[in-house]
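A quick write-up on the structure given underneath.
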Amino acid sequence: MSATFLLLLFFSITVSAQTSAPQKKLDSLLAVNQKNQKTDSTKIKVLTEVYRQYMRMRKVEKAEEYLDKTIQLSHEKNLKKFSAMAYYRRALMYHGRSNYQKAEENYLNAVSEFSSIGNLDMVAGTYLNLGALYSTIPDYVKSLEVNQKAITIYEKMGNEVDMASCYTNISTIYQRLGDQSQALVYMKMALKVFSKEGENSRGVAVVYGLMGNNYFEASSHELMQMNVLPGQKIKLALEYYNKSLKVAEAINDVGIIATAKRDLAELYSSIGQKDAALKSYQKSIELSKNGDDKEAYASTLYALGNFYQRENDFENAISLLGSSLKIAEENKFLEIEKDASLGLSTVYEKQKDYNKSLAYYRQYIKVRDQIFNEDKEKEITRRQMQLDFNVKERDYLLKQKLTEAELKRQQQELILKRQQLALSDKEKALDLLTFQKAKADLDIQRLAQEGKFAKAKYQAQLTASVKDKQISKQNQQIKFDERIKIFLSIATFLILIIAVVIFLNQRKTTRLNKIISNQKKELEQLSKVKDRIFSVVSHDMRTPVNSLISFMQLLEGGNIEQEKLSRYASSLKNNLTYTSTMMENLLNWAASQMQGFNPYLESLDIEYLTGEVIHSLQDSADRKEINIENLIAVQTYCKADENMLSLVIRNLVSNAIKFTPGGGSIEISSVDLGNQQEIKISDTGVGLNPVQLSHFNKAGYLGAGVSTLGTNKEKGTGLGLLLCRTFVGLMDGNINVSNNPAGGSCFTITLKK
């Protein structure tokens, strides 16, 4: 069980099935590699991706081919970071396939390469994986050595988390060597570090599982060394398994959940809770089946199959052990293949099918031989296994035919057991006498203790009586203090309420003063507008009327030349045009200020409406040789009142003509803003100064400024921009002005679509 947790934390190789998608990706990479003939870092990167894709598709030979190419080119170009990672990944590949000799060789090469480029983090990580490898072989001396090297590096780097991983590795070594007490020391060191990341972290879940294994697998002697009573073994193991499961479920780590369920199943099985064990086994298989870790799935199938084997449910045992063996054979999981073969051998032995049992036992020996066949020590182990096989084979033959000698031996063993039972009864009687003597001694001691207790009890009662009186006085003082506190609390609360009321009244007064101040400013501004209107009406209306009267008198006299007549008529026309525009703006602005004046908003074609306005002002523009360009696209719509929008655009274009010198230009364009439409009117005229820009763009603009003459001394009323601002606001829109980068002004109207 501990080996599974070790691999969960420190070693993982993900392999993808050979589907069409990986093959397509591989073909694409090979094509890129074929096109790139340069031997540079880019070529090495492409080769790296190719061998990694072959690894994912589990094509070992092709992966080896491109690994060699990557390493060779990396050495030629002195880019050892690529060759180091190639050695490291090849080691992982062989480690996952239980080819420990090649895995070790490549791990050591990776250490050398990473050391040469100063990548200490990867050096330590490689040592960590080597520790897991040596622990699996097992070669605990080497495993302990490389883990200590990794700890030294991580300590220099201040990497506590990975150092805790080494502690966990070392704890597993001590656990397998039977030194559970020392294993627990390292587990607690690792748990202390992992807990800094938070209680719900993967490291915490793994260590909790290992601690559960530590208590569950410990002997009575080992438990005593850990200061744990044998009767607490199951309770502690169950507690830590459940802690591991709880954390794993919190972080949704399916792999650890499945492992914890399998360990709980083993525990339930050991204490006879078969239903709970079966339920946990089945849940573990369900989780492992849907995961990517086939090794964990095969291991869980073996565990449940072994459970059925112990319960003599041979049908389910054969099915599950067979599935586990098949996955192990396909993926080269030699340890699981070995255990599953032995399990099937045991099942068929119980069914008295000795031929199949012997066949699976041969497979068990073969796999075990494959794992341990590299050096002399492994060769000795292999020969011992072969000897075991011969013994096992002879044992099967003996089971097929029991001899009379075997029966006599069994009878003699039965007689010996009966004699041992009789001797045990005598020992029990002696123990009973010893117990009764000890009980009598305890009774004498108890009577003496009872006398002492009675005396102590009387003294305690006297002391308690004195203390009760003191406590009574203290309680009275406490009650008095509490009343004082309540009174002070109520007084403080009332003071706070009064302070809040005063504060709120002051705030209300401040807001009212601000509103009154704003209203005063608006009234002052409106007063200026009123004065301006009266000035316009009293002065500007009188001038064109007087001109018209004078012109009529000239006509009555009849003594006027045609040239003068044309000149006077043109001047009179200009005055009347100005007067008409002024009156229209004045009346429209006055109507907008009347209560209940509401626009009629409808969907308008801006391009058409703008064209009509340009047509009406074309003569004025032509006189100053000003080019007006309508850039609005056909069928551009917005929500507006037709008369209002027409008047706004006419005023803005008229102003642009007025303040643009001869030969200038005016552009009208639009921008689609999604739910809004933006209309821009820009000119190349004299523009507005910063004060005028700031005044118009302010929220409280009322247009009370003095009208200025145009570039050809054209007069204005000063009401045009006020009218534009008012009408755009009534149409739920916005208008602002900015300087045109090309010179002049740019008015922007924003309306809803």
Side-chain angles (χ1 to χ4, degrees), residues 1-12 128-129 131-136 138 140 143-144 147 150-151 160-219 222-223 225-228 232-251 253-268 270 280 284 288 293 295-296 299-300 303 335:
M1 287 188 287
S2 59
T4 305
F5 266 111
L6 181 67
L7 291 175
L8 276 171
L9 187 60
F10 308 115
F11 181 66
S12 173
L128 195 60
N129 280 349
L133 183 147
Y134 289 138
S135 182
T136 305
Y140 299 128
S143 182
L144 188 61
N147 274 289
I151 288 174
E160 285 191 335
V161 175
D162 287 330
M163 193 159 59
S165 299
C166 295
Y167 293 153
T168 313
N169 241 350
I170 294 171
S171 74
T172 308
I173 294 171
Y174 280 114
Q175 192 178 50
R176 291 178 178 177
L177 290 172
D179 191 347
Q180 306 292 353
S181 178
Q182 189 65 19
L184 188 61
V185 171
Y186 277 95
M187 288 176 193
K188 289 180 178 179
M189 289 168 62
L191 183 62
K192 183 178 179 181
V193 175
F194 288 134
S195 297
K196 291 181 181 178
E197 296 181 310
E199 183 62 26
N200 290 337
S201 68
R202 197 170 192 275
V204 170
V206 170
V207 175
Y208 276 149
L210 288 173
M211 292 176 76
N213 292 337
N214 202 51
Y215 288 118
F216 183 57
E217 296 172 357
S219 64
E222 291 165 347
L223 290 169
Q225 287 182 332
M226 292 186 285
N227 296 321
V228 175
Q232 296 178 309
K233 169 181 178 176
I234 297 300
K235 180 182 177 181
L236 286 171
L238 184 61
E239 176 187 346
Y240 281 101
Y241 283 152
N242 282 323
K243 282 185 177 181
S244 176
L245 180 61
K246 182 180 178 181
V247 175
E249 287 175 340
I251 62 177
D253 192 310
V254 177
I256 299 180
I257 294 172
T259 302
K261 285 287 186 182
R262 184 172 69 244
D263 290 341
L264 281 169
E266 293 286 343
L267 186 147
Y268 291 139
S270 71
S280 293
S284 179
S288 301
D293 193 344
E295 186 172 6
S299 180
T300 307
E335 288 291 337

How long is the span from the [atom1] atom in [X] to the [atom2] atom in [Y], to the nearest 0.5 Å?
X      : Y      : atom1 : atom2 : answer
Met189 : Met163 : CE    : CE    : 8.0 Å
Gln225 : Ser219 : CD    : OG    : 7.5 Å
Phe216 : Ile234 : CZ    : CD1   : 5.5 Å
Leu245 : Lys261 : CG    : NZ    : 5.0 Å
Arg262 : Ser284 : CZ    : OG    : 5.5 Å
Asn214 : Met187 : CG    : CE    : 4.0 Å

(message) Can you tell me how the ring of Tyr208 sits relative to the ring of Tyr240, calling it parallel under 30°, perpendicular over 60° and tilted otherwise?
(response) tilted
(request) Classify the side-chain pair Asn213/Tyr241 by whether it contains a donor and acceptor separated by less than 3.5 Å. (result) yes
(request) Could you walk me through whether Ser165 and Leu128 pass side chain to side chain contact (heavy atoms under 4.5 Å, CB included), step by step? (result) CA-CA 8 Å; Ser165 299; Leu128 195 60; 4.0 Å; yes
Can any side-chain N or O of [X] pair as donor or acceptor with the backbone N or O of [Y] at less than 3.5 Å?
X      : Y      : result
Lys233 : Ala218 : yes
Thr300 : Ala296 : yes
Ser171 : Leu184 : no
Asn147 : Ile170 : no
Ser195 : Lys192 : no
Asn242 : Leu238 : yes

How far apart are the closest heavy atoms of [X] and [Y], and which atoms are they?
X      : Y      : answer
Lys196 : Glu160 : NZ-OE1, 3.2 Å
Ala237 : Tyr215 : N-CB, 4.1 Å
Gly209 : Ser244 : N-CB, 3.6 Å

(request) Run the salt-bridge test on Glu239 and Lys235 with the 4.0 Å N-O cut-off and return the result as yes or no. (result) no
(request) Could you give me the CA-CA distance, side-chain angles and deciding distance for Ile173 and Tyr134, then say whether side chain to side chain contact (heavy atoms under 4.5 Å, CB included) is met? (result) CA-CA 10 Å; Ile173 294 171; Tyr134 289 138; over 6 Å; no
(message) Evaluate Glu199 against Val204 for side chain to side chain contact (heavy atoms under 4.5 Å, CB included), listing each step before the verdict.
(response) CA-CA 7 Å; Glu199 183 62 26; Val204 170; 3.8 Å; yes
(message) Under the rule for salt bridge (Lys or Arg N to Asp or Glu O under 4.0 Å), what residues qualify as partners of Lys188, not counting sequence neighbours?
(response) none
(request) State which residues pass salt bridge (Lys or Arg N to Asp or Glu O under 4.0 Å) with Glu249; sequence neighbours excluded, sorted by chain then number. (result) none
Just wondering, do [Y] and [X] contact through their side chains at under 4.5 Å, heavy atoms?
X      : Y      : value
Ser143 : Asn169 : no
Met211 : Leu191 : yes
Thr168 : Tyr186 : no

(message) Set out, in order, the CA-CA distance, both residues' side-chain angles and the distance that settles side chain to side chain contact (heavy atoms under 4.5 Å, CB included) for Ile251 and Ser201, then state yes or no.
(response) CA-CA 7 Å; Ile251 62 177; Ser201 68; over 6 Å; no
